[in-house]
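Notes for the one structure printed next.
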Amino acid sequence: WVIPKSQWTVIAANSTMMNFERDAFNTTTILGSKRFKGNWKKLTAMGGINYTIGKFGETKFTNLSAVGGGFYSFNAGKKITGTLLVLGVYSPFTQFYEGNWWSSGLLVVPFSSWDYSITKKFKFNISFSGTYELNKNMLNYQVLTGGKVML
């Protein structure tokens with residue numbers, strides 16, 4: 001939802017992940033984003049919260065986390081555009097129903113997306129992302145490729 005006078009955008013997302021044999025959880029995210037004006041007009045800041053509830057095997061859990069960061073779009077050449085995104089996720093509240101607590105640190109989620117225009121209506125895309133637990137280790141990473149068709 002875009003709020004035109006303030007240039008704020010509210011983003012709501014929901015995802016459910018299931019391993020049909022034993023695991024299931026649902027995450028709801030609400031973010032606010034604002035694009036800056038002036039020299040930084042391509043920079044957008046974001047902040048919000050995540051709430052997750054679910055189970056791993058027989059263990060139920062809940063999680064509340066804060067999300068903050070931003071993204072920047074740019075032209076890297078005549079046919080190449082890019083987007084850089086960095087999010088920080090802090091989860092001060094994760095409880096397993098058996099009474100165990102998980103002590104989380106700050107997670108950093110970098111994302112980079114690159115589009116190469118092949119025609120006016122088709123772009124090839126490659127993106128890189130991952131999750132890094134600050135001052136500890138890389139939790140995961142991924143490289144994705146695909147095409148974008150403008151209708």
Can you sort out the partners of W8 under side-chain contact (heavy atoms from CB on, under 4.5 Å), two or more places apart, ordered by chain and number?
I3, S6, K34
By side-chain contact (heavy atoms from CB on, under 4.5 Å), N137 pairs with (sequence neighbours left out) E133, L139
Donor-acceptor side-chain pairing of T16 and N26 below 3.5 angstrom
yes
Taking atom types as modelled, find out whether N125 and S113 have a side-chain donor-acceptor pair closer than 3.5 angstrom.
yes
Report yes or no: does N140 contribute a side-chain atom to a donor-acceptor pair with the main-chain N or O of T131 at less than 3.5 Å?
yes
Under 3.5 Å donor-acceptor, N75 side chain and T81 backbone
no
Does N50 form a side chain to side chain donor-acceptor pair (under 3.5 Å) with T29? I'd like the steps, not just the answer.
CA-CA 4 Å; N50 285 323; T29 304; 2.3 Å; yes
In the single-linkage hydrophobic clustering (I, L, V, M, F, W, Y; side-chain heavy atoms under 4.5 Å), do F124 and L144 co-cluster?
no
According to a 4.5 Å side-chain heavy-atom criterion applied to Ile, Leu, Val, Met, Phe, Trp and Tyr, with indirect links allowed, do I49 and I53 form part of one hydrophobic cluster?
no
Hey, what do you get for [atom1] ([X]) to [atom2] ([Y]), rounding to the nearest 0.5 Å?
X	Y	atom1	atom2	result
T83	W114	OG1	CH2	9.0 Å
I30	Y51	CD1	OH	13.0 Å
N19	F25	CG	CZ	10.0 Å
T44	M46	OG1	CE	8.0 Å
N14	T28	CG	OG1	4.0 Å
F128	Y141	CZ	OH	12.0 Å

Partner residues of T9 under the side chain to side chain donor-acceptor pair (under 3.5 Å) criterion, sequence neighbours left out
none
With sequence neighbours left out, write down each residue that passes side chain to side chain donor-acceptor pair (under 3.5 Å) with S127, or none if nothing qualifies.
none
Tell me every residue that passes ring-ring contact (aromatic ring centres under 6.0 Å, His included) with F71, counting only those two or more places apart in sequence or in another chain.
none
Should L85 and L87 count as side-chain neighbours, where that means a heavy-atom distance under 4.5 Å?
yes
Can you find a pair of side-chain heavy atoms, one from L31 and one from V67, that are under 4.5 Å apart?
yes
With a cut-off of 6.0 Å (strictly less than), are more than 12 heavy atoms of other residues, nucleotides or ligands near OH of Y116?
no
Has F122 got more than 12 heavy atoms of other residues, nucleotides or ligands less than 6.0 Å from its CZ?
yes
Output every pair passing salt bridge (charged side-chain N to carboxylate O under 4.0 Å, His left out) with a member in residues 114-124, not counting sequence neighbours, ordered by first then second residue.
D115-K148
Passes side-chain contact (heavy atoms from CB on, under 4.5 Å), V86 versus V109? Steps please.
CA-CA 6 Å; V86 176; V109 183; over 6 Å; no
Nearest heavy-atom pair of I11 and S33: which atoms, and what distance?
CD1-OG, 4.0 Å
Might you point out which heavy atoms bring R22 and K55 nearest each other, and give the distance in Å?
O-NZ, 2.9 Å
